[in-house]
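This report refers to the structure that appears directly beneath it.
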Number of protein chains: 2
Amino acid sequence: MGASDTRRHIVEAADRLFYENGFEATSFADIAGDVGLSRGNFYYHFKTKDEILDAVIARRVSATRAMLESWEEAMPSPSERIRSFANVLVANRTKIMAHGCPVGTLCNELAKLDHAARGDAAFLFSLFRDWLARQFCALGREADADALALHILMRSQGVAALSTAFRDEDFIRREVADMENWLQAQCLPASPSDSRKPA
Amino acid sequence: MGASDTRRHIVEAADRLFYENGFEATSFADIAGDVGLSRGNFYYHFKTKDEILDAVIARRVSATRAMLESWEEAMPSPSERIRSFANVLVANRTKIMAHGCPVGTLCNELAKLDHAARGDAAFLFSLFRDWLARQFCALGREADADALALHILMRSQGVAALSTAFRDEDFIRREVADMENWLQAQCLPASPSDSRKPA
DNA sequence: GTCTATACGCAGATAGAC
DNA sequence: GTCTATCTGCGTATAGAC
């Protein structure tokens, strides 16, 4: 097994442990133990904990881009693609109820630590935001595409946060269904008194 | 200054530091230094870090109850009270953009740490949930009061989470305005095709 | 590239003087 | 009630043998 394989294993383990237990609570020993490496050898691959964090974020950026692209390829309809986004909450409900949203919780933790990588983590949100905005543009909502994207992204974060607190699967399904209803209303021609879209 | 004053100062400092920097990232030395105590004396008041956490959560429970009661006393209209809840996001926008929602971020951190006080922190959410549900009951929505309460609580969490990532004040104001519009729609008699409320 | 051994600081926690 | 001194363990990080 070459060095690049070992490095990849380290980043995969760190990614999972940062998500499940948090960045700060995860030690070098935890990651090394998970991969089956000695702590000493660990430093051959990564000099500091921040370097691992950067690698984990880069990995998540790649994975997110790949996921968003696969949805675009698999589905011709923008509203269907946005529904895929919302339904990630249902698909990943067990992990979300246990550890929250990987992006949101990392951003929160790095904000509190006032960590240099705070902006890099927030960039993960931008990937979703821009992708969602493009889907709303394709639905003919060029004027408020970004606001609509932020709105549904906000909802997914809210659902994830409360899921972790109450661990209520029904709540997730109900709110995702409500997001789908909201989405459908966005596809209809807006009436002047409609309060369903964000201003 | 008596022991109970010192204890109160410790809990106040810990409350602020847990919020701003996180529970795990805050050390005994940080709290002691903030209060102006030696670490040794600190242990006269609290034996373990978990004891301080319990005291901080108890303090937050009291403060939350007092705030919710003051809203009920100050405002006769339930919808006005719920608007007060939503507008906390605007009033506290600076702190929220820096450190997130005190309740949501604590619940997330304790969930990742698999901490014993996880449920106690989630109880803070229950205070808001039950209070909001009572307001919706007063608005004549007995049948789905709890779902409506969870829905607006979910929105406030989503806004807080994205605020911390993007630090966008306009986003907060826009989403709070949208919450107020949604709330107003809840007060009207529901039409059969209305998709604005959670199912 | 992987290991063992180790440095160093800070964390939580305790003992005992005043 | 407050202090200083100290213990123990674990955190990140390094040096150097194999």
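None of the values given here were measured: they were computed from a predicted structure. Per chain, numbering begins at 1; letters A, B, ... match sequence-line order.
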**Message:** Let me spell it out: for each of A:N41 and B:G36, pick the nucleotide of DNA chain D with the closest heavy atom. Which residue's pick is nearer the 5' end?
**Reply:** B:G36
**Request:** Report the distance from atom CZ of B:F46 to atom C1' of C:dT14, rounded to the nearest whole Å.
**Result:** 18 Å
**Message:** Classify A:S4 by what it touches in the nucleic acid, base, sugar-phosphate, or nothing, heavy-atom distance under 4.0 Å.
**Reply:** nothing
**Prompt:** So, A:S27 versus A:D30: side-chain donor-acceptor pair below 3.5 Å or not?
**Reply:** yes
**Message:** Between A:S38 and C:dT2, is there a contact of a side-chain N or O with OP1 or OP2 at under 4.0 Å?
**Reply:** no
**Asked** Relative to the ring of A:F85, is the ring of A:W71 parallel (under 30°), tilted (30 to 60°) or perpendicular (over 60°)?
**Response** perpendicular
**Request:** Take atom CG of A:D30 and atom P of D:dT12, then tell me their distance rounded to the nearest Å.
**Result:** 8 Å
**Request:** Send over the distance from B:D50 CG to C:dA11 P, rounded to a whole Å.
**Result:** 17 Å
**Message:** What is the distance, to the nearest angstrom, from the NE2 atom on A:H45 to the C1' atom on C:dC3?
**Reply:** 12 Å
**Message:** Please confirm whether the ring centroid of B:F46 lies under 6.0 Å from the ring centroid of B:F28.
**Reply:** no
**Prompt:** Is the closest side-chain donor-acceptor distance between B:N108 and A:H99 under 3.5 Å?
**Reply:** no
**Asked** D:dG11, C:dT2, C:dG12: which one has an atom nearest the side-chain heavy atoms of B:K49?
**Response** C:dG12
**Asked** Which nucleotide, D:dA13, C:dA13, C:dC3, lies nearest any side-chain atom of B:F28?
**Response** C:dA13
**Prompt:** Quick one: B:Y44 OH to D:dT4 P, roughly how many Å, whole number?
**Reply:** 18 Å
**Request:** Check every atom of D:dA13, D:dG11, C:dG12 against the side chain of A:Y43 and return the nucleotide holding the closest atom.
**Result:** D:dA13
**Request:** Calculate the interatomic distance between B:R39 atom CZ and D:dT2 atom C1'; express it in whole Å.
**Result:** 15 Å
**Request:** State which of C:dG12, D:dT12, D:dT2 makes the closest approach to the side chain of B:T6.
**Result:** D:dT2
**Request:** Specify the separation, in whole Å, of atom CD of A:E24 and atom C1' of C:dC10.
**Result:** 12 Å
**Request:** Let me know the distance between CD of B:E51 and P of C:dT14, rounded to the nearest Å.
**Result:** 10 Å
**Asked** Hey, does the Lys NZ or Arg CZ of A:K49 hover above the aromatic six-ring of A:F23, less than 6.0 Å from the centre and inside 45° of the axis?
**Response** yes
